[in-house]
Amino acid sequence: MNLHPGSLRPSVAVIGLGYIGLPTAAVLASSGANVVGVDINQRNIDVINAGEVPFVEPDLVTTVAGAVAQGRLRATTEMPHADIYIVAVPTPFSDGKKPDLSYIKTAGEQIAPLLAGDELLILESTSPPGTTEFLAETVLAARPDLTLEPDTAKTIYFAHCPERVLPGRIMIELRTNDRVVGTLNGDAGERARELYQLFCEGEFLMTDARTAEMSKLTENAFRDVNIAFANELSMIADSLDINVWELIELANHHPRVNILQPGPGVGGHCIAVDPWFIVAASPERSSLIRTARKVNDSKPEFVLDKLLLQARRIDHVKIATLGLAFKPNVDDLRESPAGHIVGRLADELPDASILAVEPNIEELPAELAARDNVTLEETVAAIGAADIVLLLVDHNEFVHLDPALLAQKIVHDTRGVWS
Ligand code: SAJ
């Protein structure tokens with residue numbers, strides 16, 4: 001089956017050029033597709049069209065630069081016509097922890113007027129069960145002349161193919177991870193598989209759209225629950241004066257035990273968000289998933305309380321906080337517990353100097369830059385000047401630090417790097 005009749009090089013539009021959309025667009029383009037990337041951020045469009053990238057991700061810039069130079073990838077704010085649309089826009093949640101599908105709705109409304117029939121729409125955004133159907137309803141509401149009925153001249157095909165790549169390893173995992181492909185109508189899943197086979201060497205796991213949506217949420221909820229176990233253990237161990245890192249290492253020698261690592265909390269735009277979509281979809285049946293979220297969300301305050309106890313004993317205390325990103329070796333500050341803790345420290349200790357270190361950024365995010373008592377510093381200088389060192393992210397720079405630097409310092413190690 002052809003991706004599109006007569007088309008050896010399918011035209012693909014990728015909507016949303018973020019952490020998932022841009023790598024997907026670039027890897028598709030370098031595998032032979034003609035790709036147009038669509039985004040609302042003109043600055044990012046300009047950066048991409050210059051063959052550069054707006055965020056740090058290993059090996060992404062080489063693939064983008066190559067695809068742009070070959071004329072296979074261009075970025076624009078205008079929705080084009082394409083044989084295949086990949087929707088990779090954000091699905092945030094609202095204050096009430098309910099999913100916000102407005103970006104998906106807008107994408108559907110912008111695509112609808114351009115459709116002729118026989119196009120494939122793939123939803124990649126992490127979505128609550130029923131969202132692929134919602135996208136189809138949005139398109140058909142704007143274009144009642146089109147249909148989901150397979151094999152007509154006016155059929156539009158819909159599939160869900162959730163991304164599962166790990167930030168920091170995106171360019172590897174895009175090619176090697178297995179892919180779940182969920183069909184909403186006709187042979188949409190088969191068409192999607194044919195497209196992803198251009199670059200993905202993993203196994204293709206075919207199912208319906210609703211199960212595919214839930215499978216993505218399940219994977220992240222599984223990880224969240226397991227991290228919550230580690231975080232809860234760390235708070236119990238602290239109250240019992242036990243070193244949690246040693247404790248976990250010992251327990252993990254059991255052949256069927258594999259406890260994850262505690263930290264200052266869970267961040268990022270996936271694991272801290274997606275489990276709430278399951279809770280919203282089935283509130284009465286998701287007590288474990290809800291509790292795990294609450295345990296992980298409570299961890300930054302636990303770290304903060306312990307630190308404040310010591311910090312308040314020192315006049316004009318200087319605190320070096322190591323790391324602002326949500327996980328090691330990335331520049332992504334979204335939903336970062338480290339960023340949250342540094343902001344709260346600044347509020348709680350107006351007379352303190354907070355020496356924030358984050359080797360992957362060049363300037364502080366606006367909410368921290370606005371505070372008089374927070375400055376962005378270089379690692380060795382910040383530690384040298386500090387009374388207290390708070391390690392929040394296990395970036396390589398901190399893991400390989402000379403231990404002599406910490407000799408006279410009060411050290412809080414939330415990641416077990418030096419413990
Ligand atoms: N974390 C811990 N302890 C651990 C592991 C992680 O505290 O033992 C923390 C991290 O520091 C970070 C957060 O959890 O704050 C999430 O980090 P992560 O590395 O576990 O995951 P993400 O958010 O970068 O990516 C996840 C991945 N999902 C799973 O591993 C099941 C990835 O495969 C998904 O594609 C991604 O979410 C996504 O986009 O949904």
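Counting starts at 1 for both ligands and their atoms, in listed order. Keep in mind it's a predicted model, so treat the numbers as computed, not measured.
- Ion pairing between a basic and an acidic side chain is recognised when a charged N comes within 4.0 Å of a carboxylate O; Lys299 and Glu232 show no such pairing.
- The single protein non-hydrogen atom nearest to atom 33 (O) of ligand 1 is Arg164 O, 2.7 Å, given as residue, atom name and distance.
- Near Glu219, meaning under 4.0 Å from any of its heavy atoms, are these atoms of ligand 1: 31 (C).
- Only the side chain of Lys216 comes within contact range of ligand 1, with a heavy atom under 4.0 Å; no backbone atom does.
- Using 4.0 Å as the threshold, Glu335 has no heavy atom nearer than that to any atom of ligand 1.
- Between Lys105 and Glu109 there is a salt bridge, with a side-chain nitrogen of the basic residue lying less than 4.0 Å from a carboxylate oxygen of the acidic one.
- Residue Cys270 places a heavy atom under 4.0 Å from ligand 1.
- Contacts between Val165 and ligand 1, counted as non-hydrogen atom pairs separated by less than 4.0 Å, involve the backbone only.
- A distance-only check finds a donor-acceptor pair linking the side chain of Asp413 to the backbone of Gly416 [under 3.5 Å].
- At a threshold of 4.0 Å, the pair Arg191-Asp118 counts as salt-bridged, since one of the basic side-chain nitrogens sits closer than that to a carboxylate oxygen.
- Looking at atom 2 (C) of ligand 1, its nearest protein heavy atom turns out to be Gln261 O, 3.6 Å.
- Of all the heavy atoms of Lys299, none lies under 4.0 Å from any atom of ligand 1, so neither backbone nor side chain is involved.
- Close contacts between ligand 1 and Pro167 involve ligand atoms 24 (O), 25 (O) [criterion: under 4.0 Å to a heavy atom].
- Looking only at heavy atoms of the protein, atom 15 (O) of ligand 1 is closest to Phe326 O, 2.7 Å.
- Which parts of ligand 1 touch Arg415 is read off a 4.0 Å heavy-atom cut-off, strictly below it: atoms 7 (O), 11 (O).
- Using the six-membered ring where Trp is involved, Phe398 and His395 have ring planes that are tilted, between 30° and 60° apart.
- Residue contacts with ligand 1: Thr126 is placed with no nitrogen or oxygen under 3.5 Å of a nitrogen or oxygen of the ligand (distance criterion only).
- With hydrogens left out, the protein atom closest to atom 24 (O) of ligand 1 is Lys327 NZ, 2.9 Å, a heavy atom.
- Interface of Leu166 with ligand 1, defined as ligand atoms under 4.0 Å from a residue heavy atom, comprises 19 (O), 21 (O), 24 (O), 25 (O), 27 (C), 32 (C).
- The shortest contact between atom 21 (O) of ligand 1 and any protein heavy atom is with Ile271 CD1, 3.6 Å.
- For atom 28 (N) of ligand 1, the nearest protein heavy atom (residue, atom name, distance) is Asn220 OD1, 2.8 Å.
- The shortest N or O to N or O distance between Gly267 and ligand 1 is below 3.5 Å.
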How far apart are the C-alpha atoms of Leu195 and Leu28, what are their side-chain angles, what is the distance that settles it, and do they pass the side chain to side chain contact (heavy atoms under 4.5 Å, CB included) test?
-> CA-CA 8 Å; Leu195 177 72; Leu28 265 171; 3.7 Å; yes

Can you check side chain to side chain contact (heavy atoms under 4.5 Å, CB included) on Leu17 and Asn44, steps first, answer last?
-> CA-CA 8 Å; Leu17 295 176; Asn44 287 0; over 6 Å; no

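- In terms of protein heavy atoms, atom 14 (O) of ligand 1 is closest to Ile227 CD1, 3.5 Å.
- A donor-acceptor contact shorter than 3.5 Å links the side chain of Arg371 to the backbone of Glu367.
- Results of the side chain to side chain contact (heavy atoms under 4.5 Å, CB included) test with Ile278 over Leu217, Asn220, Asp224 single out Leu217 as the only residue that passes.
- With a 4.0 Å cut-off on non-hydrogen atoms, Arg223 touches ligand 1 through its side chain and not its backbone.
- In this structure, the side chains of Pro283 and Arg290 come closer than 4.5 Å at one or more pairs of heavy atoms.
- Between Tyr196 and Phe204, the gap from one ring centroid to the other reaches at least 6.0 Å.
- Ionic pairing of Asp332 and Arg334 is present here: one or more N-O contacts between side-chain nitrogen and carboxylate oxygen are shorter than 4.0 angstrom.
- If you check which protein heavy atom lies closest to atom 39 (O) of ligand 1, you get Glu163 OE2, 2.6 Å.
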